[in-house]
Amino acid sequence: MNMHTESEVPSHHHDQPSLAPNLQDIAKTISFTGWITVWVQLVLLIVSGLALLFTATDRDFAQQQNTDLGVGIFWGVCGIVVLLFSVYWNFGYTRLGKRLANPNLTLHPSKGETVRAMRLGIMVSLVGILISILGAGATVGLLVGKSKSVSQPPGVAITDPYRIIRAMDVFVEVANINSIAAHFVSTVDSLWLLEKVHHY
């Protein structure tokens, strides 16, 4: 990182420059939080993906008459696509931290490059949150509509099976909620790292 002009301290081995302690700390922090975020996102991604997979393979899915479920699934899939890119981008933070930890200062990314990477990570996560919220909102609308049918007075039979809340409806909501959580974790990580870099 080009923020370390005074960090070149002579080493006792082959006159190689050593890293300043604060640069070592920020390199470790970026790499460590990058790995934590990647693993948390992967777990939530798997849960979301499985929930949507169960819904798509449900034998009643093709007969679903309510378009809200289809909208929820569409935004859920879009949220997962953005989440995949977010996982890739957060993995890049681990590489960024490794470059910063390299004793060869010429291989370090500049402060501007580091800040741009984290700002893009924030924007990607915010877009993912928005997309997943749209999917969650559509599915909530479906669940609320069906809950009115479920709350019919005693003795009133529900003849339309599609007016009953089913597992597939809940799975779509689970997928979108987990996507929101995954993107939120990434946003917090990128914001925190950006703050650390700005104060370096």
Side-chain angles (χ1 to χ4, degrees), residues 1-4 7 19-20 22-53 55-56 71-139 171-200:
M1 198 177 273
N2 292 342
M3 358 178 221
H4 48 274
S7 62
L19 297 178
N22 53 352
L23 184 58
Q24 292 177 347
D25 289 341
I26 197 169
K28 291 178 181 178
T29 298
I30 291 174
S31 184
F32 178 73
T33 58
W35 277 118
I36 292 294
T37 304
V38 164
W39 282 111
V40 170
Q41 284 189 306
L42 281 176
V43 171
L44 295 172
L45 173 64
I46 291 172
V47 173
S48 296
L50 288 176
L52 288 180
L53 182 62
T55 301
V71 172
I73 292 175
F74 170 77
W75 289 118
V77 171
C78 290
I80 286 180
V81 171
V82 177
L83 183 54
L84 285 170
F85 180 79
S86 182
V87 170
Y88 164 77
W89 200 254
N90 281 290
F91 177 74
Y93 289 170
T94 68
R95 305 296 90 191
L96 196 66
K98 187 175 182 180
R99 288 171 61 193
L100 282 172
N102 195 314
N104 187 348
L105 302 181
T106 60
L107 299 179
H108 287 195
S110 67
K111 182 174 182 178
E113 179 185 347
T114 305
V115 168
R116 283 193 298 273
M118 292 170 184
R119 283 178 176 170
L120 181 57
I122 293 170
M123 288 188 289
V124 169
S125 298
L126 289 177
V127 169
I129 288 175
L130 175 61
I131 289 174
S132 299
I133 285 176
L134 291 174
T139 311
F171 282 153
V172 176
E173 189 67 9
V174 168
N176 283 296
I177 292 298
N178 277 277
S179 290
I180 292 173
H183 289 299
F184 176 77
V185 169
S186 177
T187 303
V188 172
D189 176 45
S190 296
L191 283 171
W192 186 69
L193 289 178
L194 185 62
E195 186 70 13
K196 297 284 285 186
V197 171
H198 272 315
H199 283 82
Y200 175 74

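On a predicted model such as this, the values are computed, not experimentally measured, just so you know.
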- Can you find a pair of side-chain heavy atoms, one from T29 and one from W192, that are under 4.5 Å apart? yes

- Message: Can you confirm whether E113 sits close enough to R99 that some side-chain heavy atom of one is under 4.5 Å from a side-chain heavy atom of the other?
- Response: yes

Which atom pairs, one a donor and one an acceptor, fall under 3.5 Å between side chains of residues 172-181 and the rest of the protein, sequence neighbours left out?
residue : atom : partner : partner atom : Å
N176    : ND2  : G72     : O            : 3.4
N176    : ND2  : V172    : O            : 3.0
N178    : ND2  : V174    : O            : 2.7
S179    : OG   : A175    : O            : 3.1

- Message: Quick check: closest heavy atoms across I129 and H183, and the distance to 0.1 Å?
- Response: CG1-CB, 3.4 Å

- Item | Over all atoms of both residues, closest heavy-atom pair of L193 and Y93 | CD1-CD1, 3.9 Å

- Message: Once you measure the plane-to-plane angle for W89 and F85, does it fall in the parallel (<30°), tilted (30-60°) or perpendicular (>60°) bin?
- Response: parallel

- Spacing of CG belonging to L126 relative to OG1 belonging to T187, to within rounding of 0.5 Å: 4.5 Å

- Task: Check side chain to side chain donor-acceptor pair (under 3.5 Å) between S31 and all other residues, then give those that pass, not counting sequence neighbours.
- Result: none

- Query: How close do L194 and R119 get, heavy atom to heavy atom, and via which atoms?
  - Reply: CD2-CG, 4.1 Å

- Task: Drop me the distance from Q41's CD to I36's CD1, to the nearest 0.5 angstrom.
- Result: 12.0 Å

- Residue pair I131 / W75: nearest heavy atoms and the distance that separates them: CG2-O, 3.3 Å

- Message: To the nearest 0.5 Å, what is the distance between OG1 on T37 and CZ on F32?
- Response: 9.5 Å

- Message: I need the minimum non-hydrogen distance between I30 and L100, along with the two atoms involved.
- Response: CD1-CD1, 3.6 Å

- Task: Check V197 against V115 and note the closest heavy-atom contact, atom names and distance.
- Result: CG1-CG2, 3.9 Å

- Task: With sequence neighbours left out, write down each residue that passes side chain to side chain donor-acceptor pair (under 3.5 Å) with S186, or none if nothing qualifies.
- Result: S86, N90, S125

- Drop me the distance from I46's CD1 to L42's CG, to the nearest 0.5 angstrom. 6.0 Å

